[in-house]
Amino acid sequence: MFIRASLTEAIGTLTLDQPAKRNALSKALVEELLAALADFEKNEARVVVIRAAADAKVWSAGHDISELPEARDPLLYSDPLERLLRAVKTFPAPVIAMVHGSVWGGATDLVLSCDLIVGDETSSFAITPANLGLAYNTVGLLQFMRRLPLNVVKEMFFTASPVRAEDAEKWGILNHLVPAADLEGVTHELARRIAGEAPLVVAAVKEQLRVLAEADPITPEIFERIQDLRRRVYESEDYREGIRAFHEKRKPVFRGC
Ligand code: YXS
């Protein structure tokens with residue numbers, strides 16, 4: 001088991017707990033999260049909290065790099081991480097990310113796909129395709145564009161640097177930045193408050209906001225241009241170098257080809 005799941009007073013809690021791989025979102029860990037979310041839906045959870053174990057320094061290291069395919073689109077619609085992001089966005093109740101520790105890559109997309117985010121002073125958020133030579137996907141870019149100012153999105157993607165907690169609050173990644181000692185209390189108070197509201201209204205408003213926010217008309221030409229741009233990246237030697245460098249635990253040398 002790579003996660004722990006519990007449901008108390010209509011509040012579901014998912015705890016990422018695979019410290020040996022820094023809670024990397026592997027297919028196996030994601031399948032457990034998806035199964036737990038399905039169980040929460042069946043048992044009519046009114047709020048879900050996603051968190052890491054209390055002593056984790058890394059909330060999640062993002063996509064499991066050892067599972068990233070080479071020389072083809074690394075983030076297909078059917079990719080486990082993409083399936084998880086859609087499950088969180090369509091879950092019929094609010095999902096709160098409770099963040100203690102650093103968040104990397106696709107895990108930052110997961111946190112931004114949650115409905116509310118509460119972090120403490122140890123929280124940081126990085127999106128790292130530029131570290132790997134990886135072609136990020138359109139749904140993911142749109143998720144960032146909807147949640148953050150464009151200049152902030154560009155700085156995060158162009159630098160792949162972690163956004164520290166105070167900037168995460170300033171830029172709107174966090175709903176609330178609280179001291180680590182208060183993180184669990186504040187998050188659960190928020191969850192309890194939501195769980196006490198009319199669940200049909202909360203579920204309908206969440207889904208209405210999702211379908212309205214995702215109503216992006218993309219013309220066929222835009223679609224094909226994006227595919228062309230991404231194919232050049234994921235078929236590049238730089239992408240292969242990025243993956244190789246991670247496995248060899250060294251800094252990649254990107255040559256722009
Ligand atoms: O060497 P062992 O077997 O002990 O395993 C090491 C790492 O290989 C493993 N690990 C990971 N395995 C698969 N996928 C990962 N993302 C991943 N991250 C870590 O966990 C063991 C401990 O790692 P170590 O020694 O580096 O831990 P640390 O405490 O010194 O450093 C923690 C991190 C998170 C700062 C460091 O592990 C790190 O930088 N990890 C990679 C973070 C990252 O770049 N994630 C992006 C993944 S790609 C993704 O999410 C998107 C597709 S995108 O690229 O677009 O953002």
Side-chain angles (χ1 to χ4, degrees), residues 2-3 16-33 50 52-53 55-86 88 97 99-114 119 122-145 147-148 152-165 173 226 229-236 238-252 254:
F2 303 128
I3 70 161
L16 305 174
D17 197 15
Q18 192 187 9
K21 287 189 73 174
R22 303 301 186 267
N23 294 334
L25 300 173
S26 61
K27 184 174 185 327
L29 187 147
V30 166
E31 295 298 349
E32 288 184 22
L33 287 172
I50 301 183
D55 58 351
K57 287 192 175 29
V58 178
W59 192 84
S60 171
H63 202 295
D64 186 327
I65 296 175
S66 63
E67 294 179 353
L68 282 172
E70 293 195 19
R72 73 154 172 80
D73 190 337
L75 292 177
L76 292 174
Y77 184 82
S78 56
D79 179 272
L81 174 64
E82 296 305 314
R83 287 168 46 220
L84 176 62
L85 300 183
R86 291 196 298 274
V88 165
V99 184
H100 170 85
S102 58
V103 184
W104 301 84
T108 297
D109 204 339
L110 170 59
V111 166
L112 289 180
S113 298
C114 291
T122 70
S123 66
S124 69
F125 305 86
I127 184 67
T128 50
N131 281 351
L132 284 173
L134 184 134
Y136 213 64
N137 65 335
T138 306
V139 168
L141 286 177
L142 283 168
Q143 179 66 18
F144 277 81
M145 286 172 70
R147 287 281 283 99
L148 298 169
V152 170
V153 177
K154 290 179 180 179
E155 183 172 336
M156 289 182 75
F157 274 89
F158 297 165
T159 65
S161 300
V163 173
R164 292 167 305 115
I173 292 176
I226 287 173
L229 286 165
R230 295 187 64 245
R231 183 172 298 118
R232 280 187 62 218
V233 173
Y234 63 68
E235 288 180 346
S236 69
D238 273 359
Y239 176 42
R240 280 188 287 278
E241 162 63 7
I243 301 268
R244 219 174 13 242
F246 177 80
H247 289 302
E248 293 168 5
K249 297 188 183 293
R250 60 176 173 80
K251 195 156 172 44
F254 293 128

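Numbering starts at 1 and runs along the sequence shown. Atoms within a ligand are numbered from 1 in the order they appear, just like the ligands themselves.
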Rounded to the nearest 0.5 Å, what's the gap from CH2 on Trp104 to OG on Ser124? Could you check?
6.0 Å
Ligand 1 contact on Lys249 by region, counting heavy-atom pairs under 4.0 Å
side chain
Is the closest N or O pair between Thr128 and ligand 1 shorter than 3.5 Å?
yes
Heavy-atom proximity to atom 43 (C) of ligand 1, best of Ala130, Gly105, Ala61:
Ala61
With atom 5 (O) of ligand 1 as the reference point, say which of Ala20, Pro74, Gly101, Gly62 has the nearest heavy atom.
Ala20
Nearest protein heavy atom under 4.0 Å from atom 33 (C) of ligand 1, yes or no:
no
So which of His247, His63, Lys21 gets nearest to atom 12 (N) of ligand 1, if we judge by its closest heavy atom?
Lys21
Salt-bridged, Arg86 to Glu82, with N to O below 4.0 Å?
no
Interatomic spacing from CG in Leu68 to CD1 in Ile243 - rounded to 0.5 Å
4.5 Å
Looking only at heavy atoms, is any part of Ser26 under 4.0 Å from ligand 1, and if so is it the side chain, the backbone, or both, or is it neither?
neither
Who's closest to atom 35 (C) of ligand 1 heavy-atom-wise, of Phe246, Trp104, Trp59?
Trp104
With rounding to the nearest 0.5 angstrom, report the CZ to CG distance, Phe125 to Leu112.
8.0 Å
Identify the protein heavy atom lying closest to atom 51 (C) of ligand 1, giving its residue, its atom name and the separation to 0.1 Å.
Gly106 N, 3.7 Å
Just heavy atoms, cut-off under 4.0 Å: does Ile65 contact ligand 1 by side chain, backbone, both, or neither?
both
Any nitrogen or oxygen of Arg22 lying under 3.5 Å from a nitrogen or oxygen in ligand 1? Just yes or no.
yes
Applying a 4.0 Å heavy-atom criterion (strictly less than), which segment of Leu132 is in contact with ligand 1: side chain, backbone, both, or neither?
side chain
